Amino acid sequence: MHDPAWQKSSYCGANDTCVEVRTVGSAIEIREFDESHLVLRTTPAALAALLQGIKATEFDHHA
């Protein structure tokens, strides 16, 4: 069985500072291009909740 291909974000900078994502079974994996050995694995529902919170500025006080 081969590893699914990583997809780069469309917001990648010129120096490849970007996030990559792929699906593995029912999970979603996310990593930074320059730190490819560190992978965050999550569920589609958890990722959707995180993205919704980011868009709603719920985490801005952590910046």
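Along the sequence shown, residues are numbered consecutively beginning with 1. What you see is a predicted model, and the numbers here were worked out from it, not measured in a lab.
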Nearest atoms (heavy-atom pairs only) where Glu29 meets Trp6: O-CZ3, 3.4 Å
Connected via hydrophobic side-chain network under 4.5 Å: Val19 and Leu38: no
Heavy-atom pair of closest approach, residues Ser26 and Pro44: O-CD, 3.4 Å
Student check: side-chain heavy atoms of Val24 and Arg41 closer than 4.5 Å: yes
Donor-acceptor contact present, side-chain Thr43 to main-chain Ala46, <3.5 Å: yes
Side chain to side chain contact (heavy atoms under 4.5 Å, CB included) partner of Ile30, chosen from Leu47, Leu50, Val39: Leu47
Residues, nucleotides or ligands: over 12 heavy atoms within 6.0 Å of Gln7 CD: no
Salt bridge present between Glu20 and Lys8 (N-O < 4.0 angstrom): no
Point-to-point distance, once rounded to the nearest 0.5 Å, from CZ of Arg31 to NE2 of His37: 11.0 Å
